[in-house]
Amino acid sequence: MTIPRSPQGQGGPPRIDLKRTLILLAVAFVISSLLIMLFPGLGTFWRLLIILGLFLVVFPFLERRRRNR
């Protein structure tokens, strides 16, 4: 995962894509909620592991799609 840099010729901190960050957090919340409802006996560690796994699989796919546009 790379951090977006500021525009060329301008100093300052890197810019964060707030919209995309909020969407990723919302998706993680929905998936976590579904896991809690569907598998109530599943431990917190396993839920976090599943979400992390999904993030590692889905995020690179979305990055490739975004770059190809």
Side-chain angles (χ1 to χ4, degrees):
M1 179 169 44
T2 60
I3 299 172
R5 299 289 175 204
S6 60
Q8 291 291 341
Q10 295 181 4
R15 292 177 26 211
I16 297 173
D17 187 355
L18 188 59
K19 179 182 174 186
R20 194 158 156 252
T21 302
L22 290 175
I23 289 173
L24 285 173
L25 285 173
V27 169
F29 176 77
V30 169
I31 291 172
S32 179
S33 298
L34 285 174
L35 287 173
I36 290 169
M37 287 187 287
L38 294 174
F39 306 103
L42 196 62
T44 304
F45 173 76
W46 291 108
R47 277 189 220 116
L48 289 172
L49 195 62
I50 290 170
I51 290 174
L52 181 64
L54 286 171
F55 182 74
L56 291 174
V57 169
V58 173
F59 186 76
F61 174 72
L62 293 176
E63 275 295 307
R64 269 186 256 120
R65 279 189 61 200
R66 188 173 69 95
R67 286 184 189 151
N68 290 337
R69 288 185 185 184

When hydrophobic residues are tied together by side-chain contacts of less than 4.5 Å, even through go-betweens, does [X] share a cluster with [Y]?
X     : Y     : answer
Leu38 : Ile31 : yes
Ile36 : Val30 : no
Leu54 : Phe29 : no

Listed pairs under 3.5 Å, donor-acceptor, residues 44-52 side chains, sequence neighbours left out:
from: Arg47; atom 1: NH2; to: Leu42; atom 2: O; distance (Å): 2.6

TODO: Linking directly or through intermediates, with side-chain heavy atoms under 4.5 Å: list the remaining ILVMFWY members grouped with Leu18, chain and number order.
DONE: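 Joined to Leu18, directly or through intermediates: Leu22.
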
- [ ] May I have all residue pairs that pass side-chain hydrogen bond (donor to acceptor under 3.5 Å, both in side chains) and include part of residues 19-31, sequence neighbours excluded?
- [x]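 Sorted pair list: Arg20-Glu63.
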
Open item on the list: Using 0.5 Å steps for rounding, measure from the CG atom of Leu34 to the CZ atom of Phe39.
Closed with: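 Rounded to the nearest 0.5 Å, the CG-CZ separation comes to 10.0 Å.
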
